[in-house]
There are 2 protein chains.
Amino acid sequence: MIERHLAKLRARATVSAEEEAAIRSSLGEIREFAADEVVVPALKVQDHSTMLLDGFMCRFKDLRNGKRQITELHVAGDFADLHSFTLKYLDHDVIALTPCRAALVPHANLRRITEQFPHLTRLYWFSTNLDAAIHREWELSLGQRTARARLAALFSELQIRLQIVGLASDTSFDLPLTQTDIAECMGLTNVHVNRTLRNLKEDRLVEFEGRRLTILNKAELWRAGDFDPRYLYLDGNGTAPSLGP
Amino acid sequence: MIERHLAKLRARATVSAEEEAAIRSSLGEIREFAADEVVVPALKVQDHSTMLLDGFMCRFKDLRNGKRQITELHVAGDFADLHSFTLKYLDHDVIALTPCRAALVPHANLRRITEQFPHLTRLYWFSTNLDAAIHREWELSLGQRTARARLAALFSELQIRLQIVGLASDTSFDLPLTQTDIAECMGLTNVHVNRTLRNLKEDRLVEFEGRRLTILNKAELWRAGDFDPRYLYLDGNGTAPSLGP
DNA sequence: CGGGTATTTGATATAGGTCAAGCATAGTGG
DNA sequence: CCACTATGCTTGACCTATATCAAATACCCG
């Protein structure tokens with residue numbers, strides 16, 4: 001059930017049996033979310049965090065004119081809003097992009113962890129810092145990368161994050177997002193994403209059919225995206241998979 | 001000496017006398033940095049974090065072609081790299097934008113805090129989550145705001161962050177950044193920043209002369225930037241309900 | 001099989017980039 | 001005290017990556 005979450009943690013650090021038990025006993029209700037359902041509304045005080053078990057969620061912020069920026073994608077094993085534990089309410093919404101299943105973790109239980117398990121606390125702190133590292137990489141994409149490089153970097157990131165939790169092979173994975181979703185991640189329009197995708201396909205870097213992404217040439221994809229996976233912090237002592245080329 | 005740091009924390013939560021003492025006793029060496037000096041090099045393992053006492057620092061990432069994205073600005077009172085405590089090394093550089101003074105805080109001392117002061121630990125965790133909230137707001141700027149709105153939002157953010165630590169009045173503050181620095185924050189060119197600044201000046205929203213920014217019409221500036229300060233989490237003022245005792 | 005959603009394509013527009021030059025300013029050293 | 005250099009600011013002319021608008025498919029799912 002929380003194997004993907006444990007896999008994500010163990011890709012970066014050791015989690016003891018005691019800590020694993022503490023995590024398991026912190027779980028509350030299991031909930032399902034429909035696609036497009038709001039998981040965490042902005043500005044509403046929270047008393048729990050949401051551990052994503054299955055499906056894709058995202059965080060986004062928007063402007064008065066309706067333009068929306070997705071600030072991070074979440075995959076199975078991620079906490080979508082662990083930061084609500086210290087922030088109490090979020091400055092953004094979290095929604096399900098696909099049908100999802102999640103475990104709700106009461107903040108009271110997280111607080112008990114901070115009082116009894118300093119190492120696990122630091123690991124969860126690390127986990128929110130990893131979210132921030134992803135935000136920074138996206139800032140780099142949004143501010144400086146071309147459209148082509150943004151998509152290449154995004155796909156490269158997702159392949160690794162999904163592989164860690166057993167949802168991607170070395171070269172392919174299900175990516176049930178629309179081109180509009182991708183556009184909202186990378187600050188582009190759906191039309192331009194469509195054209196840029198075609199361009200990546202024509203160059204035989206990726207294929208994207210039936211909501212499945214296949215990486216045809218990972219070395220070139222990384223190069224096209226100026227992608228350096230070190231911001232994902234996978235060199236810890238865990239079970240990090242081989243990172244390829 | 002660390003009054004600005006305490007002011008920043010106390011703008012969000014209560015800090016007890018004991019906790020204040022713990023912070024003070026965690027301080028190590030005081031260091032000065034010249035403008036442009038590297039404060040924390042990317043990818044190098046750190047054994048301390050850097051509490052900025054005076055001056056402006058920034059975090060940035062760059063691409064092969066030399067294009068650089070500043071991902072966050074740091075002002076007096078901020079930890080520039082508190083996240084290095086859990087991450088061990090950073091995915092980005094930290095440099096001084098102006099001459100700076102900083103207190104180095106050994107990670108060993110931070111670890112002691114996590115073992116003895118759970119509430120203060122949560123407060124520092126909060127603090128890195130606040131950095132992430134700023135990253136998200138910048139993602140929104142970089143992905144969706146016009147150049148004019150980006151500058152308006154940036155100036156609005158800085159006025160508040162600086163006022164909290166006593167370095168800004170309601171309407172003005174020293175902003176010792178070049179137009180190129182500002183451009184690298186907001187994903188623009190220095191030329192376009194220059195033109196956009198003129199535009200803001202012509203509309204009597206701000207003045208920017210001699211490295212001092214004056215806000216002439218804050219309501220209009222906030223409106224121009226689609227600025228909503230709630231992402232800065234300033235409503236806990238002193239009472240700390242969100243972080244518990 | 002029908003209706004909403006997603007993708008694709010074409011034509012055109014524009015915000016912001018690039019290149020280039022001229023000024024202003026401030027520190028430096030003779 | 002004044003060239004001298006370096007750095008930053010300003011402005012103009014032109015360019016391009018990406019947006020916008022619009023319309024035609026394609027694709028699901030009920």
Side-chain angles (χ1 to χ4, degrees), chain A residues 34-36 56 63 65-69 95-99 141-154 174-202 206-213 224-226, chain B residues 34-37 56 63 65-70 95-99 141-154 174-202 206-213 224-226:
Chain A
D36 298 322
F56 285 73
L63 298 177
N65 66 10
K67 285 181 194 275
R68 164 187 296 199
Q69 179 62 44
I95 59 172
L97 290 172
T98 66
S141 275
L142 292 164
Q144 305 298 342
R145 283 188 173 100
T146 63
R148 178 183 162 97
R150 288 183 211 185
L151 296 194
L154 177 64
D174 286 323
L175 184 63
L177 306 187
T178 67
Q179 294 182 2
T180 298
D181 293 332
I182 293 170
E184 289 178 345
C185 290
M186 291 290 104
L188 301 165
T189 58
N190 57 349
V191 173
H192 201 61
V193 165
N194 183 277
R195 289 174 170 139
T196 307
L197 272 174
R198 181 173 50 194
N199 177 270
L200 289 173
K201 286 177 204 163
E202 281 167 1
V206 302
E207 258 163 11
F208 186 32
E209 286 172 54
R211 300 286 151 89
R212 186 168 182 86
L213 189 97
D226 222 325
Chain B
D36 299 322
E37 189 175 345
F56 285 73
L63 298 177
N65 65 11
K67 285 182 194 276
R68 164 188 297 199
Q69 179 63 43
I70 295 177
I95 60 171
L97 290 172
T98 66
S141 275
L142 292 164
Q144 305 299 341
R145 284 186 172 101
T146 63
R148 178 183 161 96
R150 288 182 211 185
L151 295 194
L154 177 64
D174 286 322
L175 185 62
L177 306 187
T178 66
Q179 295 183 0
T180 298
D181 293 332
I182 294 170
E184 289 177 345
C185 290
M186 291 291 104
L188 301 166
T189 58
N190 57 349
V191 173
H192 201 61
V193 165
N194 184 277
R195 289 173 171 141
T196 307
L197 272 174
R198 181 172 53 193
N199 177 269
L200 290 173
K201 286 177 205 164
E202 282 166 2
V206 302
E207 258 165 10
F208 187 31
E209 286 172 53
R211 300 285 151 89
R212 186 167 182 86
L213 190 98
D226 221 324

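Order of the sequence lines sets the chain letters (A, B, ...), proteins ahead of strands, with each chain counted from 1.
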Notebook entry, point to check: Which part of the nucleic acid, if any, lies within contact of A:R198, taking any heavy atom under 4.0 Å across all strands shown: a base, the sugar-phosphate backbone alone, or nothing?
Noted result: sugar-phosphate
Check: Mapping B:T196 and B:V191 onto DNA chain C by nearest heavy atom, which one lands closer to the 5' end?
Finding: B:T196
Margin query: Just verifying a value: how many Å separate B:D181 CG and B:R68 CZ, rounded to the nearest 0.5 Å?
Written below: 8.5 Å
Margin query: What is the distance, to the nearest angstrom, from the CG atom on A:L97 to the P atom on C:dA6?
Written below: 12 Å
Next item on the list: Quickly work out the B:E207 CD to D:dC9 P distance and round it to whole Å.
Entry: 16 Å
Next item on the list: Begin with the C-alpha distance, continue with both residues' side-chain angles, and end with the deciding distance and a verdict on side chain to side chain contact (heavy atoms under 4.5 Å, CB included) for A:L142 and A:Q69.
Entry: CA-CA 10 Å; A:L142 292 164; A:Q69 179 62 44; 3.7 Å; yes
Note to self: For A:L63 and B:R145: C-alpha separation, side-chain torsions, deciding distance, then whether side chain to side chain contact (heavy atoms under 4.5 Å, CB included) applies.
What the structure shows: CA-CA 8 Å; A:L63 298 177; B:R145 284 186 172 101; 3.9 Å; yes
Margin query: Do A:T196 and A:N199 pair up side chain to side chain, a donor and an acceptor below 3.5 Å, judged on atom types alone?
Written below: no
Check: How long is the line joining NE2 of B:H192 and P of C:dT14, in whole Å?
Finding: 15 Å
Margin query: Going by side chain to side chain contact (heavy atoms under 4.5 Å, CB included), name the residues that satisfy it together with A:R198, two or more places apart in sequence or in a different chain.
Written below: A:R195, A:E202
Next item on the list: Ignoring hydrogens and angles, answer whether the base of D:dG12 and the side-chain atoms of B:R195 contain a donor-acceptor pair closer than 3.5 Å.
Entry: yes
Item checked: Residues touching DNA chain C, which here means a heavy atom under 4.0 Å, drawn from residues 179-189 of chain B -> B:G187, B:L188, B:T189
Item checked: Between D:dT18 (P) and B:Q144 (CD): distance, integer Å -> 14 Å
Checklist line | Length of the line joining B:R150:CZ and C:dG16:C1', which is rounded to integer Å | finding: 9 Å
Note to self: So, does A:K201 get its side chain near the phosphate of C:dT7, meaning an N or O under 4.0 Å from OP1 or OP2?
What the structure shows: no
Next item on the list: Quick one: closest heavy-atom pair of B:L177 and B:F208, and the distance?
Entry: O-CZ, 3.9 Å
Check: Is the shortest side-chain N/O distance from A:N194 to OP1 or OP2 of C:dT7 below 4.0 Å?
Finding: no
Next item on the list: Could you tell me the separation between the CG atom of A:N199 and the P atom of D:dA17, rounded to a whole number of Å?
Entry: 12 Å
Item checked: Length of the CD-C1' vector between A:E209 and C:dT8, whole Å -> 14 Å
Checklist line | Sugar-phosphate, base or nothing in reach of A:R211, heavy atoms under 4.0 Å | finding: sugar-phosphate
Note to self: I need the CG-P distance between A:L177 and C:dA6, as an integer number of Å.
What the structure shows: 12 Å
Next item on the list: Could you tell me whether B:T146 contacts a base, only the sugar-phosphate backbone, or nothing, with contacts defined as non-hydrogen atoms closer than 4.0 Å?
Entry: sugar-phosphate
Note to self: Closest-nucleotide mapping onto DNA chain D: is A:N190 or A:G210 further toward the 5' terminus? I mean the 5' end.
What the structure shows: A:N190
Next item on the list: Evaluate the criterion side chain to side chain contact (heavy atoms under 4.5 Å, CB included) for residue pair A:E184 and A:N190; output intermediate values, then yes/no.
Entry: CA-CA 8 Å; A:E184 289 178 345; A:N190 57 349; over 6 Å; no
